[in-house]
Amino acid sequence: MSIDFDLTLAANVAEGAARAAGALIRRDFTRPRNVRDKGINDLVTETDIASENLIVGILQSAFPNHAIMAEEKGSHTDHDSDYTWWIDPLDCTTNFVHGVPRVGVSIGCVDREANPLVAVVCDPLFDECFRAVKGGGAFCDGYPIAVSKAQRLQDSLAASGFPGDLRKTNNNAPEWSAFVERCQGMARMGSSALDMAYVASGRFDLYWEFAEPPLLDRIAGMLIVHEAGGQVTNCAGKPFNFLQDTCILASNGAVHDEALSVLASVRHG
């Protein structure tokens, strides 16, 4: 499918929206939270809603014919489109609620085949913004970024997360234990969008996680990792589909097969 809009312009609009949402998040970070539960350990605040509405308004104004899907309210459009924007307006609300300054804003645009075209991940509290367009490379605050050169898990800093629903099985604990024995270090920041941006920028060497689709907060990170020279698959090594897959592995590419073998050894005993 040919692309009939300017991807660089779209990335500029998305970055502007993410930075505006980031300013709102920074303003609210030290204020009292009005928190409610969407489910077990699934929190939402007024800031999530306000951030989403702000981003949606900017994107609708710039791209009225595009569809928009977002974390809190789902679809914000009533028409079909060749392009859909997927928004996580405050990735890792749990951190935000607890005053931990590790949250992200994720905005990605895909075509009808769910191929990412535009990606922006902003860290509002550290004032960094990662972005990419298909075929155009990956950047952080205007500077090119690239994945790390680590060749072995033994030399790698790995990142992952855990489901918040207090499940007793399939909770990533065995996989975490397996990587602890093989990696130089482990990180659990809470924001999957930032985890993937950190893989793209060479700070992390790999990231994996399990979650229920659609994995909308991984869409932007997926493109940024690809454009930075990395690799993204599901945990079986097949092309990652955010609408269907329940797991994701992103890496610098060099350690990908070794990481897949660790996941397979745990999953299949």
Side-chain angles (χ1 to χ4, degrees), residues 5-35 43-77 81 83-97 99-110 116-133 136 138-143 145 189-198 200-201 216-221 223-224:
F5 69 105
D6 187 326
L7 295 183
T8 300
L9 173 62
N12 289 339
V13 171
E15 181 175 342
R19 287 190 182 275
L24 185 154
I25 292 167
R26 284 194 301 275
R27 181 201 70 187
D28 288 356
F29 189 70
T30 57
R31 294 182 175 182
R33 276 76 156 152
N34 185 357
V35 184
L43 307 177
V44 63
T45 69
E46 291 178 346
T47 306
D48 293 79
I49 302 298
S51 176
E52 181 169 312
N53 289 339
L54 176 60
I55 295 168
V56 168
I58 293 171
L59 293 179
Q60 284 180 332
S61 178
F63 308 106
N65 296 322
H66 291 189
I68 297 177
M69 296 290 292
E71 171 77 11
E72 304 306 336
K73 294 185 180 178
S75 177
H76 284 260
T77 46
S81 176
Y83 308 104
T84 301
W85 291 89
W86 291 81
I87 303 164
D88 191 335
L90 205 173
D91 186 32
C92 201
T93 302
T94 300
N95 278 354
F96 180 78
V97 168
V100 177
R102 294 277 71 189
V103 301
V105 177
S106 177
I107 304 174
C109 182
V110 303
L117 304 174
V118 176
V120 171
V121 171
C122 279
D123 182 338
L125 298 169
F126 281 67
D127 197 24
E128 286 188 319
C129 204
F130 305 83
R131 61 181 273 180
V133 299
F139 300 85
C140 178
D141 294 337
Y143 294 95
I145 57 175
M189 294 204 303
S191 168
S192 57
L194 289 182
D195 285 336
M196 297 187 75
Y198 275 30
S201 59
L216 64 90
D217 48 3
R218 280 77 164 178
I219 297 166
L223 179 60
I224 296 170

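The figures that follow rest on heavy atoms only: side chains count, while hydrogens, waters and symmetry mates do not. Note that the structure is predicted; figures quoted are calculated from it, not measured.
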Exercise: do Ser106 and Asp217 side chains pair donor with acceptor under 3.5 Å: no
Nearest non-hydrogen partners of Phe130 and Ile224, listed with the distance: O-CD1, 3.8 Å
Distance in Å, Asp88 CG paired with Ser192 OG, rounded so as to fall on 0.5 Å steps: 7.0 Å
Full working for side chain to side chain contact (heavy atoms under 4.5 Å, CB included) between Ile68 and Gln60: CA-CA 8 Å; Ile68 297 177; Gln60 284 180 332; 3.4 Å; yes
Straight-line distance of Thr47 OG1 to Glu52 CD, nearest 0.5 Å: 12.5 Å
Exercise: identify the closest heavy-atom pair between Ala197 and Val121: CB-CG1, 4.3 Å
Phe5 ring center near Tyr83 ring center (under 6.0 Å): yes
Worked verdict on Cys122 versus Cys129 for disulfide bond (SG atoms under 2.5 Å apart): CA-CA 4 Å; Cys122 279; Cys129 204; 2.1 Å; yes
Side-chain H-bond candidate by donor/acceptor type, Asn65 with Ser81, under 3.5 Å: no
Shortest non-hydrogen contact between Leu223 and Val118, atoms and distance: CD2-N, 3.6 Å
Gap separating the CG atom of Leu216 from the OG1 atom of Thr84, nearest 0.5 angstrom: 12.0 Å
Test item: Thr45 and Asp28 side chains (from C-beta on) under 4.5 Å apart, heavy atoms: no
Asn95 versus Arg102, closest heavy-atom pair with distance: ND2-O, 2.9 Å
Closest heavy-atom pair and its distance - Ala14, Trp85: CB-CZ3, 3.8 Å
Distance, nearest 0.5 Å, that separates CG of Leu117 from CD1 of Ile219: 11.5 Å
CD1-CD1 distance between Ile107 and Ile55, expressed to the nearest 0.5 angstrom: 4.0 Å
Nearest-0.5 Å distance, CG of residue Asp48 to CZ of residue Phe96: 7.5 Å
Derivation of the side chain to side chain contact (heavy atoms under 4.5 Å, CB included) call for Trp86 and Glu71: CA-CA 8 Å; Trp86 291 81; Glu71 171 77 11; over 6 Å; no
Pair Asp141 + Arg19: basic N to acidic O under 4.0 Å: yes
Any donor-acceptor pair under 3.5 Å from Arg131 side chain to Phe139 backbone: no
Non-hydrogen atoms of Ala193 and Asp91 that approach each other most closely: N-OD2, 3.0 Å
